**Student:** 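This is the structure I want to talk about, given as structure tokens.
The structure presented is a predicted model; accordingly, all values stated were derived computationally and were not measured.
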Amino acid sequence: MRIDPAKKVRHVANENIVIMQGGGVTDLTRLVALNKSAMALYDRLKGIDFDVDTVARTLCDLYEVDAATALTDAAEWVAAMRRQHLIID
């Protein structure tokens with residue numbers, strides 16, 4: 001999987017925001033805010049292929065967290081990013 005290169009993070013009022021333009025008949029724009037941890041993962045993983053294990057190892061590199069907790073958190077991060085259409089396969 002990869003972070004969708006079409007989605008760009010903007011720094012607005014000390015927040016990390018992904019602005020996603022809608023299309024079609026109604027132009028609905030969605031904003032997704034990334035917290036500090038999500039942004040750290042986004043920065044480390046953009047532009048590369050990764051899997052949940054890569055995300056977990058990255059979490060272990062960034063934070064003092066055990067492998068089991070990192071794997072659980074990584075799976076949750078990937079699921080959340082997929083729900084927001086920020087990850088592509």
**Student:** Do Leu86 and Asp4 have side-chain heavy atoms sitting under 4.5 Å apart?
**Tutor:** no
**Student:** Is any side-chain heavy atom of Trp77 less than 4.5 Å from a side-chain heavy atom of Thr58?
**Tutor:**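 Side-chain contact under 4.5 Å: no.
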**Student:** Let me check something: any side-chain donor-acceptor pairs from residues 33-41 under 3.5 Å, sequence neighbours excluded? List them with distances.
**Tutor:**
| unit_1 | atom_1 | unit_2 | atom_2 | d |
| --- | --- | --- | --- | --- |
| Asn35 | OD1 | Ser37 | N | 3.2 |
| Asn35 | OD1 | Ala38 | N | 2.7 |
| Ser37 | OG | Tyr63 | OH | 3.4 |

**Student:** With sequence neighbours excluded, give me every salt bridge (Lys or Arg N to Asp or Glu O under 4.0 Å) pair touching residues 51-62.
**Tutor:** none
**Student:** Test of understanding: with side chain to side chain contact (heavy atoms under 4.5 Å, CB included), list the residues that count as partners of Glu76, not counting sequence neighbours.
**Tutor:** Thr72, Asp73
**Student:** Does one side chain, of Asn16 or His11, offer a donor that lies under 3.5 Å from an acceptor on the other?
**Tutor:**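 Indeed, the side chains of Asn16 and His11 share at least one donor-acceptor pair under 3.5 Å.
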**Student:** Once rounded to the nearest 0.5 Å, what's the spacing between atom OG1 of Thr54 and atom CG of Asp49?
**Tutor:** 9.0 Å
**Student:** Of all residues at least two apart in sequence or in a different chain, which pass the salt bridge (Lys or Arg N to Asp or Glu O under 4.0 Å) check with Lys46?
**Tutor:**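 Salt bridge (Lys or Arg N to Asp or Glu O under 4.0 Å) check on Lys46 returns Asp43.
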**Student:** Excluding sequence neighbours, so at least two apart, what forms salt bridge (Lys or Arg N to Asp or Glu O under 4.0 Å) with Arg82?
**Tutor:** Asp89
**Student:** With sequence neighbours left out, write down each residue that passes side chain to side chain contact (heavy atoms under 4.5 Å, CB included) with Asp66, or none if nothing qualifies.
**Tutor:**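 For Asp66 the side chain to side chain contact (heavy atoms under 4.5 Å, CB included) partners, ignoring immediate neighbours, are Ala68, Thr69.
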**Student:** What residues form a side chain to side chain contact (heavy atoms under 4.5 Å, CB included) with Ala70, not counting sequence neighbours?
**Tutor:**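 Counting only residues at least two positions away or on another chain, Ala70 forms a side chain to side chain contact (heavy atoms under 4.5 Å, CB included) with Ala56, Leu59, Cys60, Val65.
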**Student:** Could you measure the distance from the CE atom of Met81 to the CG atom of Leu45? Nearest 0.5 Å is fine.
**Tutor:**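 The CE atom of Met81 sits 8.5 Å away from the CG atom of Leu45.
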**Student:** A side-chain contact here means heavy atoms from C-beta on lying under 4.5 Å apart; do Arg10 and Glu15 qualify?
**Tutor:** no
**Student:** For Arg44 and Leu62, what are the C-alpha separation, side-chain angles and deciding distance, and is it a side-chain contact (heavy atoms from CB on, under 4.5 Å)?
**Tutor:** CA-CA 10 Å; Arg44 288 273 188 107; Leu62 289 169; 3.2 Å; yes
**Student:** Distance from Tyr42 atom OH to Lys7 atom NZ, nearest 0.5 Å?
**Tutor:** 9.0 Å
**Student:** Between Val78 and Met1, is there a side-chain heavy-atom distance shorter than 4.5 Å?
**Tutor:** yes
**Student:** Looking at every non-hydrogen atom in both residues, tell me the closest pair between Phe50 and Ile3 and how far apart they are.
**Tutor:**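 Where Phe50 meets Ile3 most closely, the heavy atoms are CE2-N, 3.6 Å.
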